[in-house]
Number of protein chains: 2
Amino acid sequence: MKLTYSPASPFARKVRIAAIELGLIDRIEFAPVAVVPGQPNDEYSKIHPLKKLPVLILDNGDVVVDSYVIVEYLDELAGGGKLIPASGALRWKVKSDHSLLQGMLDSMLLCRYENMVRPEPLRWQAWSDDHWNRAWLGMARFEGQVDAMMARPLDIAQIGLACVLGYADFRFADCGWRKAYPKLDAFHQKMLERPSVKISLPPAA
Amino acid sequence: MKLTYSPASPFARKVRIAAIELGLIDRIEFAPVAVVPGQPNDEYSKIHPLKKLPVLILDNGDVVVDSYVIVEYLDELAGGGKLIPASGALRWKVKSDHSLLQGMLDSMLLCRYENMVRPEPLRWQAWSDDHWNRAWLGMARFEGQVDAMMARPLDIAQIGLACVLGYADFRFADCGWRKAYPKLDAFHQKMLERPSVKISLPPAA
């Protein structure tokens, strides 16, 4: 299998951590791809018309799209019910938490594009404030429930939360999330004890 | 169960169609919510920090987040394997196609926000062109495979595609998708024969 990848992508990082934790990392070849909003990449558009990372290309050529669906695929490949509970209320809790975290990453990326990629005279403060506020309120939500999360075996919501916090460090180093959310800080430190989380940290910004 | 809803939201429409097709619509109460990017909605932020629609609130107060996860939840409630194939290559095909369609909707919404919500002097043509191009290339992808899709029983990818095309009509009425993609036009007309698809059409723009 081949995974389109960028070391800066929090979505690709999530899949990488999952693949390591599921014992599947040796079966995946990493294919670096550079995508920048506002710039075409005709080659990659043929694989993924939305130019998003990551995509998993199976050995038969089938393409699995979306970091979450890739994790689901890998989880099933590893026997099922590993990082996504197979049934019960916890299944929907983990899936819903993961969706929230995915949306937080989307909002953080929109902030990043607004503040760094968009030409400066065209930036709209209310837009980046709104999206940053979503991510920030999302962190507040998880600050209130991270103790319960840490008591569970590793799942995709915990991996997603580690990727959100790693992305905050990577792109919003001065945002002060550790001070505002001390329980998330403790969670992040604990997650970093896992080699999968540590090895996949984004490069220095 | 209660679903936060707006008749203009293609994501909420997808859940509504799925709920009708799964025979669960009578068990869902619709709770209208208005969210506008760049504007706070403190009340709704308490339910969903990202202020996204729809959210399914279960009778025990648990919250299921993300239109796709809600459809998965409803599908399981209806016995499982109805709108999302339970196993095999088709499972990953349908999930991947749905992810693409979800990304197309995200890009179309970003275009809409750029062209209609953002103050006019702050609009960046390269951004809206890029996102429109993603949606447009996505339609081209589905034009090439919609015959195979139509040969299958109804699934969430077909529902997602109907919602993309309905949203194109609703917000980008002059984009000319019918002329460019005649097979999608035939697909859309066929989907409109379903009461679930017809009744959930967005209001006149």
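All figures in this text were calculated on a predicted structure; none of them were measured in a lab.
B:Arg118 touches chain A through backbone and side chain together, each having a heavy atom under 4.5 Å away. Heavy-atom distances place the side chain of A:Glu76, and not its backbone, under 4.5 Å from chain B. Contacts of B:His131 with chain A are absent, with no heavy-atom separation under 4.5 Å from either backbone or side chain. For B:Val117, the parts lying near chain A are the backbone and the side chain together; criterion is any non-hydrogen pair under 4.5 Å. Contact annotation for A:His48: both backbone and side-chain heavy atoms come within less than 4.5 Å of a heavy atom of chain B. In this structure, chain A has a heavy atom under 4.5 Å from the side chain of B:Glu114, while its backbone stays farther away. With a 4.5 Å cut-off on non-hydrogen atoms, B:Arg91 touches chain A through its side chain but not through its backbone. For a residue to count as touching a neighbouring chain, one of its non-hydrogen atoms must lie under 4.5 Å from one of that chain's; by this rule A:Asn60 does not touch chain B. Interface residue B:Leu110: only side-chain heavy atoms are found under 4.5 Å from chain A.
When the shell of 6.0 Å around CG of B:Asp174 is examined, it contains 12 or fewer heavy atoms from other residues, nucleotides or ligands.
Contacts with chain B were tallied for A:Ala135, A:Pro119, A:Pro121, A:Ala89; A:Pro119 has the most, counting heavy-atom pairs under 4.5 Å. Put simply, of B:Asp66, B:Val65, B:Ile70, B:Leu137, the one with the most heavy-atom pairs under 4.5 Å next to chain A is B:Val65. When each of A:Val69, A:Leu50, A:Asp130 is scored by its heavy-atom pairs under 4.5 Å with chain B, the top score falls to A:Leu50. Options B:Lys52, B:Gln125, B:Met104 differ in how many heavy-atom pairs under 4.5 Å they form with chain A, and the most are formed by B:Met104.
Sequence neighbours left out, the pairs with a member in residues 152-161 of chain A that pass salt bridge (Lys or Arg N to Asp or Glu O under 4.0 Å) are A:Arg152-A:Asp155.
Panel note: side chain A:Thr4, backbone A:Leu53; no donor-acceptor pair is recorded below 3.5 Å.
A:Lys93 has no carboxylate O lying under 4.0 Å from a charged side-chain N of B:Asp62, or vice versa, which leaves the two without a salt bridge.
A donor-acceptor pair shorter than 3.5 Å cannot be found between the side chains of A:Asp106 and A:Gln102.
Atom CD1 of B:Ile47 is separated from atom CG of B:Asn41 by 9.0 Å, given to the nearest 0.5 angstrom. A distance of 10.5 Å separates CD of A:Glu72 from OG of A:Ser67, quoted to the nearest 0.5 Å.
Between A:Lys95 and A:Pro85, the closest side-chain pair of non-hydrogen atoms is not below 4.5 Å.
The two residues A:Cys111 and A:Phe172 come nearest to each other via the heavy atoms CB-CZ, 3.8 Å.
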